[in-house]
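Before any comments, here is the structure.
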Amino acid sequence: RKEAKEAAAKAEAAAAAAAAGGGAEPAMPAEAPAAVVSAGAGASAGGAASTGSGGGSPSGDVGSKPPSADEQSLKRWSKITQDMHTILSQNSVLALCHFLCQAGSGHGSTSEGDTFQMTTDILVALAASQAHLDMVRSELMRVLVSLVTDIESSLAKCEIMTAEPSTLETRFLRVVRALAEVFKEALKKMPEKELKIEEFLDAAKIDTLWGALDRTLDRLADTEVIATPAQRLLSLGVAPSAMRTEAASGLSEETKAHFASNVQAAPPKPLLNRLLPLIEAFFVLHDGAKEAEQDKQDKEDKKKAKDQEEAQIASGTPVAAGAKVFEEVDEVSFVEKSRLGQFCKRHRRPLNALIKQTPGLLSKSFSPLLKHMSMCLDFDNKRANFRAQLRSRRMESRYETIRLRVRRSEIFMDSYHQLRQRSSEEMRAKIQVQFQNEEGIDAGGVGKEWYTALARESFNPNYALFIQAGGKACTYHPNAMSYFNQDHLQFFQFIGRIVGKAIHDGQNLEAWFTRGFYKHMLGKKVIPADLEAFDPEYFSNLKWMLDHDITGIVELHFCAESDELGRQKIVDLKPNGRNLPVTNENKHEYIQLMAEHKMTNSVRQQIDAFLKGLHEIVPPEMLSLFDDKELELLISGLPDIDVEDLKANTEYHNYTPQSEQVQWFWKVMSEFTQEQRAWFLQFATGTTRVPVEGFKGLVGMRGPQKFSIHRAYGADRLPSAHTCFNQLDLPDYPSEDVLREKLLQAVRDGHEGFGFA
């Protein structure tokens with residue numbers, strides 16, 4: 001510190017001399033030397049401007065423009081920086097390295113962390129000097145080799161549950177961060193040197209430490225267990241809409257057991273918390289940037305190849321198609337094949353456990369995982385990060401509440417006309433709904449019912465916007481003949497906005513789409529296999545063609561025929577396709593083109609209009625974090641209404657879990673069908689949908705608000721509800737039969753509409 005003070009004094013003297021030479025620069029503030037050091041030799045003009053705005057003497061050349069005040073300041077700052085490099089002795093630089101590598105734990109006070117960061121900034125600035133760069137690298141290398149050996153030895157002796165906190169890993173992280181920044185700065189200042197941090201790390205044998213980290217994390221494979229209902233559903237590997245179909249006819253015992261698990265996510269073990277700095281250091285050195293560039297170039301090359309293929313098709317030249325047209329092709333990217341990709345896939349569960357404990361990691365040291373390997377993140381962590389991003393966007397734009405007054409019988413058109421002129425920014429504001437001729441005041445509950453009723457009306461056949469897919473699950477796909485409704489594209493854009501608004505507000509819709517349509521929302525490629533959920537009978541016919549020799553059996557051409565209100569329409573799948581016969585040799589190409597036509601090209605305008613509205617509210621890059629099954633959960637919530645989960649997340653007022661009426665209530669609820677349970681949920685909470693977190697994620701006007709049962713009086717009265725509070729007022733009925741009769745009557749007749757009881 002003494003030497004630093006002396007250096008600062010000399011720098012101030014140099015500044016004074018420079019000012020005297022120029023004659024126009026005011027005295028430099030005392031803190032200037034520190035700013036210079038942290039900024040390096042290439043201090044920005046913006047930073048220089050803060051030192052003063054005096055002008056120098058004009059140049060002696062006639063007609064030449066005199067240097068500006070900023071240019072003069074930048075020149076003088078550069079001179080001062082050079083002087084600092086000269087003044088600082090080797091002992092000073094080594095003292096900075098020693099302080100960074102040895103002192104403190106890094107988890108102390110904020111001031112301690114700031115001090116370490118300042119030390120790193122100074123070392124990075126010094127990297128602009130070759131002499132200091134060599135000194136810094138040499139000292140950090142010595143410390144790094146020692147730390148690698150010590151940590152590797154320490155990890156071999158650690159117990160999972162009793163690992164003691166250690167400063168070794170924290171010091172290692174500081175050294176790695178400093179080295180990465182030093183090399184980055186040095187490469188910027190001296191590009192001709194071709195400095196590579198990889199060679200430096202190889203000399204330190206850091207790969208042996210990563211191997212030890214792998215082995216230690218393997219011992220923690222059971223760190224995190226599947227806890228939330230959404231995560232348990234996704235672990236089954238089936239689409240939520242398919243599970244909804246099974247729930248309607250009764251879940252299997254195996255599925256019930258899977259969902260009945262009350263296992264909670266276990267907190268990270270002490271050893272995993274100790275390993276966190278090492279994992280952060282790994283991500284510092286493996287950020288995936290280089291591999292991402294390779295992937296970008298690879299995509300460009302493939303796009304060129306596809307354009308050439310389409311040009312061949314346009315010219316009528318036959319194109320060979322892959323035999324495995326119905327298989328999902330998972331292309332392995334350069335990032336996935338890299339050390340980063342392999343690490344994330346191998347240690348997915350410990351990484352997710354740490355993120356669940358500290359969500360902020362994804363925006364900081366774990367950002368490479370979020371940016372390049374998001375498929376390794378659990379849905380719960382993806383959703384938490386997604387909601388955090390939406391909150392930050394909401395804070396950036398504040399608009400007045402949108403007040404809607406709609407007729408329940410005309411909810412679609414009334415909502416459309418009142419919202420169509422609103423900008424995307426305005427649509428992010430709160431919406432407050434009033435149903436005409438109804439007494440309900442929207443404190444949250446009416447809005448939830450508006451979302452439910454509006455989503456349901458969007459699929460009204462009278463609008464001809466969607467058709468029901470032919471699979472078992474009740475899913476929808478854009479209607480190729482929606483153009484009979486002259487406003488169909490505006491309606492698709494409006495529905496896209498409503499879906500985006502529901503996602504933005506955390507509301508779940510009674511809306512399920514085909515796999516292919518979800519993939520379009522995510523910007524992912526739709527494959528022929530997705531045709532099965534859209535039209536299973538046609539899919540079976542195509543699959544039969546693929547598996548058998550069709551010579552002399554099938555007479556088809558490269559065109560799609562359809563009957564539109566008695567008029568035959570023919571669309572060529574390729575130029576002059578109606579005159580090109582399908583043969584056993586080109587049937588693969590036909591199947592691919594036909595699948596693409598049915599799921600994409602025939603409804604391209606409708607898809608584009610829907611996506612335009614959706615992306616006005618939720619940017620595509622934010623949605624791309626999810627896969628198609630996760631997106632369905634995000635939009636529609638859980639497919640099954642689990643009474644046991646509702647029971648586990650219920651509060652009682654003037655009742656207890658042991659009260660007779662409460663016992664009867666849960667018995668009656670368990671006997672309800674899925675449809676009756678949906679009626680009850682609509683009656684009590686304002687929506688038929690279950691949040692992805694299960695019933696513990698219910699939201700009321702005050703934010704998270706569990707379902708509650710309140711004692712009411714009057715055995716002749718029906719149960720009543722306050723949807724804004726997720727509250728059921730249950731009278732103290734004298735028998736189970738009376739309770740069953742009254743509850744069923746209430747939910748059947750009162751699950752829609754609002755009034756004062």
Side-chain angles (χ1 to χ4, degrees), residues 302-303 305-322 325-326 328-329 464-471 475-485 488-489 491-493 495-496 513-539 541-543 545-546 556-565 567-582 586-615 620 628:
K302 287 179 179 177
K303 187 177 183 302
K306 185 179 179 181
D307 291 343
Q308 292 175 355
E309 183 179 305
E310 289 176 351
Q312 283 182 290
I313 293 174
S315 65
T317 307
V319 177
V325 294
F326 287 119
E328 186 95 46
V329 179
L465 299 175
F466 292 92
I467 56 173
Q468 190 169 327
T475 58
Y476 292 91
H477 195 77
N479 183 3
M481 294 196 294
S482 66
Y483 58 81
F484 285 107
N485 184 330
H488 71 127
L489 295 183
F491 287 164
F492 272 109
Q493 183 178 350
I495 294 172
F513 302 101
T514 58
R515 294 294 102 205
F517 196 48
Y518 284 123
K519 287 187 174 181
H520 283 304
M521 294 185 208
L522 297 170
K524 294 183 178 179
K525 184 179 180 181
V526 177
I527 62 171
D530 297 320
L531 189 60
E532 183 175 15
F534 174 60
D535 191 340
E537 185 178 350
Y538 191 74
F539 173 83
N541 293 339
L542 292 180
K543 198 167 189 311
M545 285 179 57
L546 191 68
L556 292 171
H557 292 80
F558 278 83
C559 62
E561 300 181 10
S562 61
D563 187 337
E564 297 184 357
L565 299 180
R567 185 178 55 139
Q568 188 180 37
K569 182 179 179 181
I570 300 176
V571 177
D572 289 328
L573 301 179
K574 57 191 298 185
N576 197 34
R578 67 192 68 189
N579 297 317
L580 297 174
V582 178
N586 63 19
K587 65 182 180 182
H588 300 92
E589 181 187 2
Y590 171 80
I591 290 171
Q592 288 181 329
L593 292 174
M594 181 57 80
E596 188 173 346
H597 169 76
K598 275 187 165 291
M599 292 186 292
T600 304
N601 294 338
S602 64
V603 288
R604 170 53 67 190
Q605 284 186 310
Q606 293 89 328
I607 290 171
D608 288 345
F610 178 92
L611 294 181
K612 181 181 179 182
L614 175 66
H615 294 157
D628 55 299

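- Y476 is listed as a side-chain neighbour of Q468, based on a closest heavy-atom distance under 4.5 Å.
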* **Derivation of the side chain to side chain contact (heavy atoms under 4.5 Å, CB included) call for H520 and V526** => CA-CA 7 Å; H520 283 304; V526 177; 3.6 Å; yes
* Asked: For D628 and K524, what are the C-alpha separation, side-chain angles and deciding distance, and is it a side chain to side chain contact (heavy atoms under 4.5 Å, CB included)?
  -> CA-CA 9 Å; D628 55 299; K524 294 183 178 179; 6.0 Å; no
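- Taking both residues in full, the closest heavy atoms of M521 and L611 are given as CA-CD2, 3.6 Å, listed atom of the first, atom of the second, then distance.
- For H597, the side-chain contact (heavy atoms from CB on, under 4.5 Å) test picks out A560, V571, L573, M594, N601, S602, with sequence neighbours left out.
- Looking only at side-chain heavy atoms (C-beta outward), H557 and N579 stay at 4.5 Å or farther from each other.
- When side chains are defined from C-beta on, D530 counts as touching M599, because their heavy atoms get closer than 4.5 Å.
- Within the 4.5 Å cutoff, the side chain of L556 has heavy atoms near those of the M545 side chain.
- Side-chain contact between F558 and D572: absent, with no pair of heavy atoms (C-beta onward) separated by less than 4.5 Å.
- Taking the six-membered ring where tryptophan is involved, the planes of F610 and F513 are perpendicular, since the angle between them exceeds 60° and thus also 30°.
- For the atom pair CD (Q606) and CZ (F466), the distance works out to 9.5 Å, reported to the nearest 0.5 Å.
- Of the inter-residue distances, the one linking H488 atom NE2 with I495 atom CD1 reads 12.0 Å to the nearest 0.5 angstrom.
- From F492, atom CZ reaches atom OG of S482 across 4.5 Å, with rounding to the nearest 0.5 Å.
- Of all heavy-atom pairs between F517 and P478, the closest is CE1-CG, 3.6 Å.
- Q568 contributes no side-chain N or O that, together with a main-chain N or O of E561, makes up a donor-acceptor pair within less than 3.5 Å.
- At least one side-chain heavy atom of K519 sits less than 4.5 Å from a side-chain heavy atom of I527.
- The two residues L542 and L531 make their nearest non-hydrogen contact at CD1-CD2, 3.6 Å.
- Here the closest heavy-atom approach between residue P581 and residue N586 is recorded as O-ND2, 3.3 Å.
- The two residues F534 and K598 have their closest heavy-atom pair at CE2-O, 4.2 Å.
- In terms of the side-chain contact (heavy atoms from CB on, under 4.5 Å) criterion, residue partners of Q605 (sequence neighbours excluded) are, by chain and number, L489.
- Closest approach of A533 to A469, counting heavy atoms only: O-CB, 3.5 Å.
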